Amino acid sequence: MTGPRYRFAPSPTGFLHVGGARTALWNWALARKEGGTFVLRIEDTDEARNRPEWTQGIIDALAWLGVHADDPHFEGPYFQSQYADQHVATAQRLFAQGAAYYCDMTPADIEARNKAEGTQGYQGWSRDLGLGPGPGRVLRFRVPPGTTVVHDLVRGDVSFDNALIEDFVLLRGNGSPMFLLANVVDDLAMGITHVIRAEEHLSNTPKQQMIWEALGAQPPVWGHVPLLVNEQRKKISKRRDKVALEQYRDEGYLAQAMVNYLMTLGWTPKGDSEIAGWASMEADFRLEDVNHSPAFFDLKKLAAFNGEYIRAMTPAEFLEAGRPWLTAADAPYPVDRFDEGVFLAMAPHIQPRCVTLADAPGLVDFLFQPEVAVDAEAWAKATGTPEAVAVFRGALAAYEGLGDWSADALKAGLEAVGEANGLKLGKAQAPVRVAVTGRTVGPPLFESLECLGRDETLRRLRLAAALLP
RNA sequence: GCCCCCAUCGUCUAGUGGCCUAGGACACCACCCUUUCAAGGUGGCGGCACGGGUUCGAAUCCCGUUGGGGGUGCCA
């Protein structure tokens with residue numbers, strides 16, 4: 001493997017954040033198109049949030065998006081916690097060469113001193129005390145004078161005045177390494193050449209770059225991509241927003257739709273459509289073309305993308321994708337009555353009516369219910385007309401002797417019944433629809449009847465007719 | 001407070017000095033189609049934050065203002 005090495009380094013918080021998912025996708029596209037490597041590193045140094053199943057969840061979520069561990073471009077996962085020794089050793093090396101120093105001030109000490117002197121932050125008070133390691137002492141990086149320029153693929157050169165960056169902590173009082181250090185050491189150890197991550201890390205980048213330089217290494221190519229925000233324009237967070245990718249998956253969003261939508265948040269595929277397949281997006285994606293401003297994660301647009309993808313599926317694909325919902329224990333019909341053949345026949349009619357896969361069962365339920373659940377309000381509305389009885393009788397008469405049980409014939413039959421009663425087809429179908437499907441709205445009626453079959457249709461019609469005076 | 005980033009329709013964006021009386025998509029509205037609801041078709045609404053420059057010419061370049069966001073931890 002000689003190509004560029006990208007990395008995605010999530011912390012195992014229990015789910016894959018949609019913002020992280022986009023970052024992963026962009027890294028993945030770049031690694032693959034450039035013949036490089038995508039390294040997955042789990043930043044599990046926070047003991048409080050570190051469970052094996054959470055890591056597996058992230059791997060599964062990535063795989064769902066197409067970021068597969070069995071692809072040769074994929075490497076890992078590595079676990080940051082397993083590199084702790086290296087983190088500490090590197091810190092000690094920094095201390096030995098004078099790039100870092102020990103400090104015995106506690107946060108409370110610093111606060112007190114700032115109060116007394118009217119200053120803010122850590123003022124490098126222990127810089128030249130020549131302190132050695134000791135219990136409770138933190139190791140701080142000695143920020144050199146000058147200016148640090150971060151060369152960023154998305155934003156260009158960003159410069160920071162080192163004088164404004166305080167001597168930050170490398171090792172805690174208990175000796176454990178801080179994120180900034182661990183991150184750099186890991187990236188160095190894993191030969192990472194490109195660090196593409198969210199913009200929230202931009203401000204900390206000069207610190208990391210200084211560590212790279214202090215270590216005598218060449219910093220990676222940086223790329224800070226814009227944040228994903230909510231309607232309040234704040235970065236989407238677990239607290240207030242629906243950020244777990246897994247949740248969207250479970251709600252019936254398609255991976256392809258999610259991938260397509262995520263990719264277009266801050267970037268536009270070439271060509272005249274935003275709907276684009278992975279292959280073309282991977283080929284066209286460039287960090288240089290990424291927008292600089294935050295993007296609103298719009299559920300409405302995600303839904304539109306999803307509908308688009310659902311409509312594009314073949315019935316067989318639709319069945320396979322929808323199977324978990326169609327045969328779920330909580331489906332609105334006894335699961336053992338679900339019939340694939342019948343569903344396949346109905347699929348073209350319900351696909352344009354689905355936003356998510358979860359919508360499917362509710363659109364075909366009447367086909368598999370032994371007794372259709374009639375909505376009381378719908379029944380009242382559709383059968384409350386003077387013609388309802390006549391429609392039922394007429395339909396029954398027309399359908400009982402129908403030689404060709406097809407949508408066309410069923411439609412022609414009811415059209416005649418409507419005509420005889422002075423009703424347009426739209427009106428005439430209402431009572432029949434409620435009697436057979438339980439609702440006033442749903443997929444095309446005659447196709448539904450065709451799928452339901454003669455016996456069951458007639459049975460429901462008779463039952464309904466008997467209910468009217 | 002200080003540092004950094006950002007700024008085109010409500011939203012996602014195209015646009016890299018003349019092709020822009022600013023294009024598309026989602027959303028919204030209307031109409032068409034129609035077997036309900038969708039889908040689809042057609043049309044409409046709607047934007048370059050503001051102020052200075054630079055230039056023959058600015059959405060595009062520069063400066064400032066305003067606004068928004070991020071960072072600033074012995075979190076990651």
Side-chain angles (χ1 to χ4, degrees), chain A residues 9-13 43-46 48-49 80 103 105-107 110 120-122 136-140 150 152 154-155 158-161 163-166 168-180 182-183 198-207 224 226-227 229 231-235 261 264-268 270 272-275 291-305 307-308 310-311 348-355 359 363 378 382 407 410-411 414-415 418 424-430 432-434 437 439-448:
Chain A
S11 34
T13 49
E43 309 226 315
D44 59 348
T45 46
D46 188 344
R49 317 181 284 196
Q80 185 163 71
C103 168
M105 292 178 77
T106 64
I110 293 169
Q120 248 179 340
Y122 178 72
R137 289 183 182 174
V138 299
L139 183 70
R140 287 182 182 275
V150 171
D152 191 289
V154 176
R155 285 150 214 287
V158 184
S159 56
F160 298 83
D161 180 355
L164 268 11
I165 300 173
E166 64 182 46
F168 53 95
V169 174
L170 258 19
L171 250 31
R172 299 188 182 84
N174 65 7
S176 65
M178 291 283 290
F179 155 76
L180 240 31
N183 212 256
E199 198 206 318
E200 55 190 317
H201 294 285
L202 182 55
S203 293
N204 284 322
T205 304
K207 297 179 187 172
H224 290 89
L227 256 21
V229 298
E231 42 285 288
Q232 278 85 234
R233 300 252 116 208
K234 305 231 186 267
K235 73 174 174 182
Y261 179 61
T264 64
L265 246 24
W267 176 74
T268 318
K270 287 191 177 21
D272 45 13
S273 175
E274 300 176 290
I275 302 295
N291 246 73
H292 295 186
S293 28
F296 171 54
F297 186 76
D298 188 352
L299 275 333
K300 286 240 184 81
K301 192 147 185 178
L302 205 214
F305 270 58
E308 199 79 47
I310 286 180
R311 271 171 253 133
H349 305 297
I350 73 167
Q351 279 171 259
R353 295 171 173 76
C354 286
V355 170
D359 294 334
L363 285 162
L410 288 159
K411 178 183 176 188
L414 197 66
E415 249 164 1
K424 286 186 175 174
L425 189 53
K427 290 287 184 191
Q429 59 122 25
V432 175
R433 179 182 288 283
V434 176
T437 74
R439 301 191 196 86
T440 55
V441 299
L445 216 219
F446 307 107
E447 284 76 359
S448 299

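Because the structure is predicted, anything quoted here is derived from the model rather than measured. Naming: A, B, ... by sequence-line order, numbering from 1 per chain.
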Given the C1' atoms of rG41(B) and rC4(B), what is the spacing between them in whole Å? 49 Å
rG10(B) and rA22(B): how far apart are their P atoms, nearest whole angstrom? 15 Å
Protein-nucleic acid N or O pairs under 3.5 Å, nucleotides 37-39 of chain B:
unit_1	atom_1	unit_2	atom_2	d
rC37(B)	O2	Arg353(A)	NE	2.6
rC37(B)	N3	Arg353(A)	NE	3.0
rC37(B)	N3	Arg353(A)	NH2	2.5
rC37(B)	N4	Arg353(A)	NH2	3.0
rA38(B)	O2'	Pro352(A)	O	2.6
rA39(B)	O3'	Arg311(A)	NH1	3.4

May I ask which nucleotide in the shown strands pairs with rG51(B), Watson-Crick or G-U wobble, both distances under 3.5 Å? rC63(B)
With C1' as the reference atom in both, quote the distance from rC45(B) to rC9(B) in angstrom, rounded to an integer. 10 Å
Between rA30(B) and rG68(B), how far is it from one P atom to the other, in whole Å? 35 Å
Which protein N or O atoms sit under 3.5 Å from an N or O of nucleotides 70-74 of chain B?
unit_1	atom_1	unit_2	atom_2	d
rG70(B)	N2	Ser203(A)	OG	2.9
rG71(B)	OP1	Lys235(A)	NZ	2.9
rG73(B)	OP2	Glu166(A)	OE2	2.9
rC74(B)	O2	Gly173(A)	N	3.0
rC74(B)	N4	Met105(A)	O	3.1

If you measure from the C1' atom in rC50(B) to the same atom in rC12(B), how many Å do you get, rounded? 24 Å
For nucleotides rG43(B) and rG23(B), find the distance between their P atoms and express it as a whole number of Å. 14 Å
When you check the phosphate oxygens OP1 and OP2 of rU35(B), does a side-chain N or O of Lys411(A) lie under 4.0 Å from one of them? yes
Between rG46(B) and rA25(B), how many Å separate the two C1' atoms, rounded to a whole number? 14 Å
Look at all strands and tell whether Phe160(A) reaches a base, only sugar-phosphate, or nothing, counting heavy atoms closer than 4.0 Å. sugar-phosphate
Among rC26(B), rC3(B), rC6(B), which nucleotide sits nearest the side chain of Leu164(A)? rC3(B)
Side chains of Arg433(A) and Thr437(A): is there a donor and an acceptor less than 3.5 Å apart? no
Take atom CD of Glu231(A) and atom C1' of rU11(B), then tell me their distance rounded to the nearest Å. 11 Å
5' priority, RNA chain B, between Pro226(A) and Glu274(A) [closest heavy atom]: Pro226(A)
Residue Gln120(A), side-chain atoms from C-beta onward, closest of rA27(B), rA76(B), rG1(B): rG1(B)
Sub-3.5 Å pairs of nitrogen or oxygen atoms, protein against nucleotides 41-47 of chain B:
none

Quick check for you: among rU35(B), rC6(B), rA27(B), whose closest atom lies nearest to any side-chain atom of Glu447(A)? rU35(B)
So what does Leu265(A) touch, heavy atoms closer than 4.0 Å: a base, only the sugar-phosphate, or nothing? sugar-phosphate
When you measure from the side chain of Arg155(A), which nucleotide among rU35(B), rC26(B), rC5(B) comes out closest? rC5(B)
Atom P, compared across rU8(B) and rG44(B): separation rounded to whole Å: 25 Å
Scanning all shown strands, the Watson-Crick or wobble mate of rG1(B) with both distances under 3.5 Å is rU72(B)
Nucleotide opposite rA38(B) in a Watson-Crick or G-U pair, distances under 3.5 Å: none
Indicate whether OP1 or OP2 belonging to rC6(B) is found under 4.0 Å from a side-chain N or O atom of His292(A). yes
Nearest heavy-atom approach of Glu200(A) to Leu227(A) is N-CD1, 3.8 Å
Quick one: label Phe296(A) by what it contacts on the DNA or RNA (base, sugar-phosphate, nothing), any heavy atom closer than 4.0 Å. sugar-phosphate
Ion pair Glu199(A)/Arg155(A), N-O distance below 4.0 Å: yes
Check the angle between the aromatic planes of Phe305(A) and Tyr261(A) and answer parallel, tilted or perpendicular using the 30° and 60° thresholds. perpendicular
Of Arg433(A) and Gln80(A), the one whose nearest nucleotide on RNA chain B sits closer to the 5' end is Arg433(A)
Spacing of CG belonging to Asn204(A) relative to CG belonging to Asn183(A), to within rounding of 0.5 Å: 9.5 Å
Return no unless some side-chain N or O of Asn291(A) is found under 4.0 Å from OP1 or OP2 of rA14(B). yes
Base partner of rC26(B), which must satisfy Watson-Crick or wobble distances under 3.5 Å: rG10(B)
